[in-house]
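In what follows, a single structure is set out as structure tokens and then discussed.
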Amino acid sequence: MAEIIVVTSGKGGVGKTTSSAAIATGLAQRGKKTVVIDFDVGLRNLDLIMGVERRVVFDIVNVISGEARLNQALIKDKRVDTLSILPASQTRDKDALTKEGVGKIIDELSKDHDFIVCDSPAGIEKGALLALYFADQAIIVTNPEVSSVRDSDRILGVLQSKSKRAEEKRDPVREHLLVTRYDPARVERGEMLKLEDIREILAIPLLGVIPESESVLKASNTGNPVIMDQESAAGQAYKDAVGRFLGDKIEHRFLEPAKKGLFSRLFGGRAA
Amino acid sequence: MSWLADLFKSRKPEPPTASNAKERLQIVLAHERIGRTREDFLPKLQMEIVAVVARYVAIDPGRVNVSLDRGGDMSTLAIEIDLPGPPATANRRAAAG
């Protein structure tokens, strides 16, 4: 039986797809058989972030409607052999997803995977509700910014009332906080919400803090999940987060501003 | 002269805004969380009240009304149970503030 993880946030543009790609790749790198599913029907992007956009033939909607078998739609990653990607449809609308259809796919994938990572679309409508419905665990992606924290709180409420686990009154979905785009220098200047403030407000266990980093854009430009860039702070932070998810004890890093040398202070250092 | 203006501007730092963000979030979320739990516990409360009252008096579970009104200063929880029987004893009302 696979563990089903939803990566969600309520708000758009906070890093759900970046995080889904990084975490799924990280789990696969640790030898876990992992599949990552794009639930953003009509606005698919996971394929681009994973660098498999030219290999998409069939998608999740084709599988639900019986036009293709699940195996035909799954794209095997060429970098990590325990990883595959199930793309969303780009031409259909989100009503093409049904609870029964998604349930069947998840059941079938559960048989031969360790982890199923569901990349949720923004919002709290059908696509987002279906992405979180079957979840055992939820990674809540939050930026240190008021609208993102508020929407995260809202999506936590949805998880606690509309997930399958909530409906069946089983143990609740396990929640994890993933703070992304964190800029310790701005926090130090009092311009950005502190990690401690976000933790206090949302009151769920912290999985990781991903520092604001130029490497995230570089990674998406080339279609490589940022976790593959182990030179970068963001890549290392995602690797730590995956380790913690699997139960490793790893201290949080990148919470303090990088100490700048004289050279970078004079010429303006940039976040790696 | 713009370099002069820049020089002075940089000497007067703006007040930090992060604490403002935290305060506003705490207030707005306190309100939104109340709204979220409101519908959730009332049906259960109603069921439990009916169960307790039914131990002492025969009542019609369909004729129980529980309502919660949250105001700025005061909130009211009203529980209305119609007791079957002769008209004189009907429409007894129990309320808690």
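Throughout, protein chains are lettered first and strands after them, A, B, ... in sequence-line order, and every chain is numbered starting at 1. All values below were derived from every heavy atom in this structure, side-chain atoms included, with hydrogens, water molecules and symmetry-related copies excluded.
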Interface residues of residues 45-56 of chain B facing chain A - non-hydrogen atoms under 4.5 Å apart:
none

I'd like to know which of N20(B), L29(B), T17(B) tops the heavy-atom pair count under 4.5 Å against chain A.
L29(B)

With a 6.0 Å cut-off (strictly less than), is the heavy-atom count around NZ of K194(A), excluding the residue itself, greater than 12?
no

Are any of the side-chain heavy atoms of Q26(B) and E200(A) separated by less than 4.5 Å?
yes

If you count every heavy atom of other residues, nucleotides or ligands that lies below 6.0 Å from K239(A) atom NZ, does the total exceed 12?
no

Atom CZ of R244(A): over 12 foreign heavy atoms under 6.0 Å:
yes

Give a yes or no on whether R24(B) atom CZ has more than 12 heavy-atom contacts from other residues, nucleotides or ligands under 6.0 Å away.
no

Between D153(A), D197(A), V149(A), L193(A), who has the most heavy-atom pairs with chain B when the cutoff is under 4.5 Å?
D153(A)

E251(A), CD: over 12 other non-hydrogen atoms inside 6.0 angstrom:
no

Residues of residues 126-146 of chain A near chain B, each having a heavy atom less than 4.5 Å away
V146(A)

E125(A) CD: over 12 foreign heavy atoms closer than 6.0 Å
no

In this structure, are over 12 heavy atoms from other groups packed under 6.0 Å from R165(A) atom CZ?
yes

Answer with side chain, backbone, both or neither: which region of R150(A) has an atom nearer than 4.5 Å to a non-hydrogen atom of chain B?
both

